[in-house]
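Notes to accompany the following structure.
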Amino acid sequence: MSVFQFHTLLLRTMERDFVLNPIFSRIFTGFLHLVLLLIVFISWVCKKTSSNDDESQKQSVRHNRLLHYKPTLISCLVFSLFNLVLCILNNFYWYRSGSSDEKILTSLDLGIKTLAWLALYAYLQSQFKKSGEPKYPLSLRLWWVLFFSVSCYCLVIDLIYYKKHQTLSTLFWVSDITSLFMGLFFCYVGFWGKKEDRDSLLQEPLLNGSATNGRESSKAIRGDETVTPYANASIFSIITFSWVGPLVSLGFKKTLDLEDVPQLAIFDSVRGAFPILNNNLESDIEGSNRVTTLMLAKGLIFTTWREISLSAVYALVYNLASYVGPYLIEDFVQYLNGQQEFENEGYVLVFIFIIAKMFECLSMRHWFFKVQQAGFRARAALVAKIYNKGLTLSCQSKQGHTSGEIINFMSVDAERIGEFGWYMHEPWTVILQVGLALAILYRNLGLASLATLVATILVMLANVPLGNLQKKFQDKLMKSKDKRMKATSEVLRSMRILKLQAWEMKFLSKILELRNCEAGWLKKYVYTSALTSFLFWVAPTLVSAVTFGACMVMGIPLESGKILSALATFRILQEPIYSLPDTISMIVQTKVSLDRIASFLSLIELQPDVVERLSMGSSDIAVEIVDGNFGWDLSSPCPTLKDINLRVSHGMKIAICGTVGSGKSSLLSCILGEMPKISGTIRLSGRKSYVAQSPWIQSGKIEDNILFGKDMNRQLYERVLEACSLKKDLDILSFGDQTVIGERGINLSGGQKQRVQIARALYQDADIYLFDDPFSAVDAHTGTHLFNECIMGLLNSKTVIYVTHQVEFLPVADLILVMKDGRITQAGKYNDILKYGSEFMELIGAHKEALSALDSTEAGATSVGEDSRTRNAENYLQKKESLNDQNDKTDTAMGTNGQLIQEEEREKGQVGLSIYWKYITTAYGGLLVPFILLGQILFQLLQIGSNYWMAWATPVSEDAVPPVGGPTLIIVYVALSIGSSFCVFARALLRAMAGYKTAKILFNKMHMCIFRAPMSFFDSTPSGRILNRASTDQIAVDLNIAPLVAGFAFTLIQLIGIIVVMSLVAWQVFIVFIPVIAICIWLQNYYIQSARELSRLVGVCKAPVIQHFSETLSGSSTIRSFEQESRFRDTSMKLIDAYSRPKFHTAGAMEWLCVRLDVLSLFTFAFSLIFLILIPKGTIDPSAAGLAVTYGLNLNMLQAWVVWSLCRMENMIISVERILQYSSVPSEPPLVVESIRPESQWPSNGEISIQNLQVRYAPHMPLVLRGITCTFFGGKRTGIVGRTGSGKSTLIQTLFRIVEPADGQIFIDTTNILSIGLHDLRSRLSIIPQDPTMFEGTVRSNLDPLEEYTDEQIWEALDKCQLGDEVRKKEGKLDSSVSENGENWSVGQRQLVCLGRVLLKKSKILVLDEATASVDTATDNLIQQTLKQHFYDSTVVTIAHRITSVLDSDMVLLLDHGIYDLIIVPQIVILSIVLLGM
């Protein structure tokens, strides 16, 4: 158009009240935006030519930004794209009805607006991103005011023009209304916006959040020091989920760590949720201990009622909005066919479609977020309740539920109840959706809708048997999983003894047997799920076929508009029908989980009134028991403790002694209130501390174990360390008392663990101290030191009750209690009961008998003078002392700073394609994958074909002639539907096969690698990490990942199908679709960086919850005795919230993404609708256009679902990544080396030759043994002595190759043990370990796990180890039950069982690792005599703390900090060395 023509048009317009003409407003806004372009250009030039800001200003900018900078930036870009779309639509309209000057001016105006706002976007992006300007330029702010004024003026003109002419282009309305709101927003930003702190999380932009980089934000303020922005977010931020934007932005710039994730608000944390649940349960129980499933469900509902109510409202809005599209499709098809009921009907229909879709999208997103929020609250409250229950369980209840089962309550059942929120509203929404669907169908098809109702009910009823099957299979699956987890937990706890005995593969086979049982139920479950999936994918096709068939029978005319409306309705109805089996399955699973947890919460707790507590100073009596009868099993007719009467005054020292199994530990347990009381009274005055016989050490720093929750008192702390002989041990450790102890104190020796435990008790400064034979685990010298410095020193004024087998500690006691068969048979001072007590005389006599060999040796040792003997020993010790000084210097020089326990390894960055490839090719080499995809593609093609057939073969209106007859219509449709049904059946079946096989292979591979891992792996890996993979991650692989991976592929195929259908109708949709897809991909990449790391954090943060709970269960007696329950509950809550934080923000980030994807897909759908109403009538077949709209209704859902599935799949595939991580753990050397197998009689002599042996536990840790060279002669007895922590047990572990030497060699009968297989070595050696271990099962299975011996041989071994009579008393004899970890056997009895094992095995080499530490002296003498009798010709290596255990040794190896000396001397010199050197 020339300048002259434009001038002529302008003059003509001015003659016709041009000021009130909308065309003039287009010209005016066009000039106005040309001015904006000029302002932007001039400002840009000025910025470029002006000098740069000084450095200080630049630094200050890092902490400030203009208010709503990001929304302003995005608004400019969106408004530019909006004007571009309007320009394109105007050209389409021009194409349909011809060109005119007005249309040319409108296009010109919209084009200038597009360029102007795009230029403004670029200007703001380049000039204000790092600017320190306090406000936007004055010229720009004034222009925004002018723009707002002109927008108001244009809208007024539109109103006046419409009132005068009763017509106005919809394009003008849309453009001017949008411009008005944009102008208002920009005016607010320009004049009322102030600078804000970038570190503030209260103002969130729509897209990115904070503009700070990760390094700056983490320095400025850590995420875990702030509360989640959700707590104080604005309405706009909540609606758009912009409150999570800063976290997503930070995750895009750096790898997220837990400290980057904000804390939960109080109402979302466990501290806010648990009291509500607990109070509801307490009010329902009303004194009884029984928690029913209904009570638990009611309590959870009250805990989450706000989220449940809001999500119900959102679900209602979503369901109402989702049926607007199907309701209006017939009207839309008739409009396209030319039947217009009122003016601008097409625009009104499009507007309603878009508004309904917008409400549908937003309500769905908030529905999903709210149910997840409710799930997080419910799960956190449940886990806290389970933890509290576990902390108060009685011993009898513990025996019925092992730690493995309770771990499943936390990691599986509570998790499943939390996930039930997704299905919570399905039951009533199904009814609502079916009702809405029937209403729409009745409007279109009349009474044929009754056939739909009948078919739908029949389909739903068909689910009843499937639901029952799923309930049965789910219940069996969970029970079998419990058994497996229970066995796995026990095996991991005892892995060291399994490897020492070469039993690990046998126990692996037991776990695999349990897994096979579990896999049998899993197979039935997944195949039932496949059948359910097939049935309900076919259900919509079946319902539609029945409905259309009923129409034919009833003579109801079928028109394409009605057909398309019905198909759209069926498509929406497919969702509740398809999800119904999942809903029923989830209801069943949740019911099972609720039943299990309710049953656990109903278990008997410790009796709170067992002990009557008196305040300190209110009584002279510290402990008093009157007529006490106690029993571990209240149902047993014979109490464990009988007729107990005890009165202990403050400051007294009470010693308890007796034979193994006499009730000594039980007496301490009843004083602690741990043992159920049958009758009698217990009174306790003052605070108490307890030292258990088996040390309980928390994983963490040594300092934290000693302080145990108390504040540091450095003076008291140093005194305690000195009294417990810990200073020397801490000096050896690279980190001193800051050394991190592994799980169960794995990197400490038995004596060190016991001394740390004693130090913990001493530091509490309690009034009453209970010691359960703690001195048996340390050497004689250390034991004497501990007794003198602790009991008789620091605790001189305290009340101390101690159990001991060491007679030398008895004379100083104020009162000695002698126990036998659960009774106190004698009580008195040492000299008194020595005269009159027969049982006490037996114990003393055994001790004297043990020393008789020493006396005879002393009498006959005439060839060596006393002075010379003493002088030799002293010279030897001086030599050792100088060596120790050198060793200490060597340690310091090494400077090793590696801790044994490292942070859990977490993969970072993108999940590699190799993980996906390994997963899909694990089963059958990936052979089934192409067939699964082919099945889905054929299903999609047949589905589209059947729908297209119905749209094409039916007339558009009643007066049109149908292309085919009614029977042909239905027959072809049914044939296509049956074909699609077969495809979906094959697809579901093959997917179930592939998923099941993959889960089975991954499980076997991971467990094989774990069981073949070296012991160093278990020392440095808390069992919670392994159990987490064996439970949570394995469940994900079993049940979730295969449907997710397949679901992503299926959804992508569906999306491609929809795009193909829409493009065949109107290819122009690609104009918008291609950039929208590009933005979607960018958004997905932007989001996934954060989502991936958040998901990994979820996995990493779950293990500490389980590990802490496992430690709490094993040490619950100690925790209760120190009255530390509240501190442990507090720690548990912190760990639960640390786990919930990434889960909560993962959910928020997912909805953040989905809202934006929904907006983009809505944009695509709106464009296609507007295009269809603007093209000339008759250009496109109305039926085909209606079919495109029918599919387009699902476009936003599928487009978001594809990205959601991709993100969810990547989050879940991390479980596979974690399992594969433990499937590649380096293995031990081979179990068997076929080329170098020892002879069957090896070792025949039993000579052990050690050459330059150097050992360290890990590459980053110091040497423990340093250059040992010695020979243990065959058939001789060798004693290994030394202070606690000197390396005695390490030497034995190296002999068994539990620890591989760093240098040196070991030969047994000239065979290098480093060259043969581990099982060939370990199966030929025998050991009684330091920590006696028993497994859940029977007496027989504990003595003979490999089932190699007859009952007669087992009885013979039991008699030899003094347990035969005890076992014969039990009802089941050899089949008598043994509880988890042998808890129903005393520690001494467990040690005797270990003796029975070696008596059965009778190897040529026997190792005793402090084997008699937990038995009394009399039993020790019997054990020594038994060993002498049956291993007289064997090489016996003894680590001992008792002098009597090494007196008959032919040689002694004295170790001190890994340095040795081999002594082969007469026994009296051995005694001198032992007495002076230990």
Are Phe771 and Tyr690 near enough that their ring centres are under 6.0 Å apart?
-> no

Ile621 vs Ser649 side-chain heavy atoms within contact, under 4.5 Å | yes

Working to the nearest 0.5 Å, report the span between CD1 of Ile386 and CG of Asp413.
-> 7.0 Å

Taking atom CD1 of Ile604 as the centre, report whether more than 12 heavy atoms of other residues, nucleotides or ligands fall under 6.0 Å from it.
-> no

Are Thr1333 and Arg1390 side-chain neighbours, meaning at least one heavy-atom pair lies under 4.5 Å?
-> no

What distance do Lys483 atom NZ and Met478 atom CE have between them, rounded to the nearest 0.5 Å?
-> 13.0 Å

Do any N or O atoms from the side chain of Ser669 and from the backbone of Ser665 form a donor-acceptor pair under 3.5 angstrom?
-> yes

Indicate yes or no for a side-chain donor-acceptor contact from Lys642 to the backbone of Asp821 under 3.5 Å, with no hydrogens or angles considered.
-> yes

Picking from Ser1114, Ser1116, Ser1117, what satisfies side chain to side chain donor-acceptor pair (under 3.5 Å) with Trp696?
-> Ser1114

When every non-hydrogen atom of Leu1399 is compared with those of Ala1357, the smallest separation belongs to CD1-O, 3.9 Å

Could you give me the CA-CA distance, side-chain angles and deciding distance for Ile644 and Ile824, then say whether side-chain contact (heavy atoms from CB on, under 4.5 Å) is met?
-> CA-CA 7 Å; Ile644 303 296; Ile824 300 176; 4.0 Å; yes

Could you walk me through whether Val623 and Ile768 pass the side-chain contact (heavy atoms from CB on, under 4.5 Å) check?
-> CA-CA 8 Å; Val623 179; Ile768 302 169; 4.1 Å; yes

Note: Pro639 and Ile678 closest approach over all heavy atoms is CB-CD1, 3.8 Å

Would you kindly say whether Ser602 and Ser599 are connected by a side-chain donor-acceptor distance under 3.5 Å?
-> no

Hey, could you give me the CG/OG1 distance between Leu1400 and Thr1350, rounded to the nearest 0.5 Å?
-> 8.5 Å

Return the minimal non-hydrogen interatomic distance between Cys790 and Leu762, and the atom names on each side.
-> SG-CD1, 3.5 Å

Donor-acceptor pair, side chain of Gln754 and main chain of Gln693, under 3.5 angstrom | yes

Rounded distance (nearest 0.5 Å) linking atom OG of Ser689 with atom OH of Tyr763 = 12.5 Å

Lys479, NZ atom: more than 12 neighbouring heavy atoms under 6.0 Å | no

Say you draw a straight line from NZ of Lys653 to CE of Met792; how long is it, rounded to the nearest 0.5 Å?
-> 6.0 Å

Taking the side chain as every heavy atom from C-beta outward, state whether Val800 and Ile654 have any atom pair closer than 4.5 Å.
-> no

Between Ser666 and Thr640, which heavy-atom pair has the shortest distance, and what is it?
-> OG-CG2, 3.9 Å

Set of residues satisfying ring-ring contact (aromatic ring centres under 6.0 Å, His included) with respect to Phe809, sequence neighbours excluded = Phe775, Phe787

Any sub-3.5 Å donor-acceptor pair from Asn629's side-chain atoms to Ser679's backbone N or O?
-> no

CZ/Arg1127: more than 12 non-hydrogen atoms of other groups inside 6.0 Å = yes

State, yes or no, whether a side-chain contact exists between Ile671 and Ile801 at a heavy-atom distance under 4.5 Å.
-> yes

Give the minimum heavy-atom separation between Leu810 and Ala655, together with the two atoms involved.
-> CD2-CB, 3.6 Å

Is the backbone of Ile697 close enough, under 3.5 Å, to the side chain of Arg760 for a donor and an acceptor to pair up by distance?
-> no

Side chains of Ile682 and Phe630: does their closest heavy-atom pair fall under 4.5 Å?
-> yes

Search all heavy atoms of Thr1338 against all heavy atoms of Leu1374 and return the closest pair with its distance.
-> CB-O, 3.7 Å

Examine distances only and state if a side-chain atom of Lys1360 and a backbone atom of Trp1355 form a donor-acceptor pair shorter than 3.5 Å.
-> no

What is the distance from atom CG of Leu667 to atom CE of Met819, rounded to the nearest 0.5 Å?
-> 5.0 Å

Sub-3.5 Å donor-acceptor pair from the side chain of Arg687 to the main-chain atoms of Asp765, do we have one?
-> yes

May I have the step-by-step check of side-chain contact (heavy atoms from CB on, under 4.5 Å) for Phe1335 and Leu498, ending in yes or no?
-> CA-CA 11 Å; Phe1335 305 96; Leu498 294 184; 3.5 Å; yes

Just by modelled atom types, is the Glu1336 backbone N or O under 3.5 Å from a matching donor or acceptor in the Lys486 side chain?
-> no

Stepwise, does the side-chain contact (heavy atoms from CB on, under 4.5 Å) test hold for Leu672 with Leu770?
-> CA-CA 9 Å; Leu672 290 170; Leu770 306 176; 3.4 Å; yes

Are Thr799 and Asp767 close enough that some pair of their side-chain heavy atoms sits under 4.5 Å apart?
-> no

N/O donor-acceptor pair under 3.5 Å between Gln757 side chain and Ala692 backbone = yes

Salt-bridge criterion met for Asp1359 and Arg1368 (N-O under 4.0 Å) = yes

Pairwise salt bridge (Lys or Arg N to Asp or Glu O under 4.0 Å) hits with a residue in residues 666-686, at least two apart | Glu612-Arg683, Glu624-Arg683, Glu674-Arg1120

Passes salt bridge (Lys or Arg N to Asp or Glu O under 4.0 Å), Asp1351 versus Arg1340? Steps please.
-> CA-CA 8 Å; Asp1351 284 4; Arg1340 178 188 283 106; 2.9 Å; yes

Heavy-atom distance under 4.5 Å between the side chains of Ile816 and Cys657, does that happen here?
-> yes

Exam field: side chain Asp1344 to backbone Tyr1349, donor-acceptor pair closer than 3.5 Å = yes

Would you call Lys664 and Asp773 a salt bridge, using N to O less than 4.0 angstrom?
-> no

Between Leu1358 and Val1393, is any pair of side-chain heavy atoms under 4.5 Å apart?
-> no

For the rings on Phe1122 and Phe708, is their centre-to-centre separation under 6.0 Å?
-> yes

